[in-house]
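What you see below is based on every heavy atom in this structure, not just the backbone, and it leaves out hydrogens, waters and symmetry mates. First the proteins, then the strands, lettered A, B, ... as listed; each starts at 1.
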2 protein chains.
Amino acid sequence: MDERVTEESLEAENRIYARIFDGIMDRRLTPGTKLPERELCELFSASRSLVRRVLQRLAHYHVVELRPNRGAIVATPTPEETRQIFQARRALEGALVRLAAQHATPADIDGLRQQLHVEHEAMHGSDQPAWARLASTFHLRVARLANNAILENYLKEIVSRCSLIVALYEPQGNAACEHDEHAGIVACLERGDGENAARLMEEHLVELERHICLRQPDARPSLKDRLGL
Amino acid sequence: MDERVTEESLEAENRIYARIFDGIMDRRLTPGTKLPERELCELFSASRSLVRRVLQRLAHYHVVELRPNRGAIVATPTPEETRQIFQARRALEGALVRLAAQHATPADIDGLRQQLHVEHEAMHGSDQPAWARLASTFHLRVARLANNAILENYLKEIVSRCSLIVALYEPQGNAACEHDEHAGIVACLERGDGENAARLMEEHLVELERHICLRQPDARPSLKDRLGL
DNA sequence: CTACACAAGATTGTCAACAATCTGGCATGA
DNA sequence: TCATGCCAGATTGTTGACAATCTTGTGTAG
């Protein structure tokens, strides 16, 4: 057993990171939620320096916001950021899906089909957080097929931020991806048809953004709205 | 004078960050160079925690590599990373230049023309580091016109990593961008012709990659090569 | 002569105490 | 009653000491 202190602490760091990250993605931690260092230390029985590093990592991915001397909160994307995030997502995911079409093997396509199946089942179930995560999973699996870790990681960040946006502007969480549109993209990928896959993906993402924008045409829910005034 | 301790230290952090970053971009700090904490502390008369944070930030942008228990070095992209970086750059910069074509005002075009002029002058001068940085500057200025900070920052990171690649595989530093190709892109932008601007940019980047790949077909200079054996 | 083990010095990683800053409540006075 | 200033508690930021790890030089045995 190689139990070097350094590795243990790295493991603990990743564990805490994943816990908080998952909490945000599952919307147990909603945008604006405060993340006090002391509380996190106690919850994970970790030292403050460890918690601090985790928060900085999360901040770097724009999933939490670090306000100097005022602590960390779950990030709350502004409308302008929302615009940029969706624009960036279309650009990135268009490029990724084209590359995926070039590289996808039959085994890869099988994997995606299985993913579609899981999605289909989750649609009927009522586990809302699971469904929300699955919607992202499909996109990330396609991205992985592009065989470019850099673009893939950029998309991971963007998709995470999209989840924040949905949490902010779609409190009911009914702004998930449409299952059928995913299926169409897989069909294109199977034929190696990158152009049409990219076109479908673009439409799919425009649809997703429109769904959100229609509900909140120009601003984030203000405190006034949230109080029902 | 609002001299809060916190702000001062943030300023210091940015200063140190910029110094190291510039040193790497100007190839005074070449890939593989060790960056010992103690030495940096003394050089900048800063505390270790500050230096540490700067190194972590640089690591996050993949400009330095943090090896656990073994300190930080200037990053040395592998051939596979190089492939991914150039691929990502084509994808990102293609999208950015299309957006730039949509948004560029006559004043923006003027600014780019001035930039071209500066490039032209630097070509005749012999200030090599300045020339290397100018090549990147043009691309980043175009990116800024896209009006999307997220994609712009991604490109910033990618361009920085490209500089590392050039430093690694083109020790003479003669793999800079061609001035004429930049001029062609500006012409397209002026006409609002995003498609052709993107096409030229793509060709321009392929040319840049080819220039590097031709010299080092498949591997980074090994220690053996560097010793002339 | 080579290979291996060990130890000293140097370097990085971690933590806990201390300092700076912010928040919210209370008192004061107009 | 309302606005302002100030204080205490809570929270975050920083530092320096200590612990863990790596590097390198040396010695020893085969």
Partners passing side chain to side chain contact (heavy atoms under 4.5 Å, CB included) against A/Gln114 (at least two apart in sequence or in another chain): none
Interatomic distance where NZ belongs to B/Lys34 and P belongs to C/dT11 [whole Å]: 7 Å
Angle of first-five versus last-five pair axes in the helix from C/dC1-D/dG30 to C/dA30-D/dT1, to 10 degrees: 10°
Between P of D/dC22 and CD1 of B/Ile73, the distance in whole Å: 16 Å
Between P of D/dT12 and CG of A/Asn69, the distance in whole Å: 10 Å
Any donor-acceptor N/O pair, B/Thr33 side chain to B/Thr30 backbone, under 3.5 Å: yes
Whole-Å distance separating the CG atom of B/Leu40 from the C1' atom of C/dT11: 13 Å
Positions of residues 44-67 of chain A (non-hydrogen atom under 4.0 Å from DNA chain C), listed by number: A/Ser47, A/Arg48, A/Ser49, A/Arg53
Side chain to side chain contact (heavy atoms under 4.5 Å, CB included) against B/Leu66, all qualifying residues, sequence neighbours excluded: B/Leu55, B/Gln56, B/Ala59, B/Val64, B/Ala72
Whole angstrom value for the distance that separates P of C/dG13 from CD of A/Glu13: 11 Å
Residue mapping more 5' on DNA chain C - nearest nucleotide basis, B/Glu37 or A/Arg70: B/Glu37
Proximal nucleotide (of C/dT14, D/dT21, D/dT11) relative to the A/Ser9 side chain: C/dT14
Under the ring pair (Phe, Tyr, Trp, His ring centres under 6.0 Å) test, residues paired with A/His182 that sit two or more places apart: A/Phe138, A/His139, A/His204
Lys/Arg-Asp/Glu bridge criterion (N-O < 4.0 Å) met for A/Lys34, A/Glu39: no
Short N-O contact, A/Arg57 and A/Glu13, less than 4.0 angstrom: yes
Side chain to side chain donor-acceptor pair (under 3.5 Å) partners for A/Thr137, two or more places apart: none
Distance, rounded to the nearest Å, where A/Glu42 contributes CD and D/dA10 contributes C1': 13 Å
Presence of salt bridge, B/Glu209 and B/Arg89, under 4.0 angstrom: no
Output field: ring centroids A/Tyr61/B/His60 closer than 6.0 Å: yes
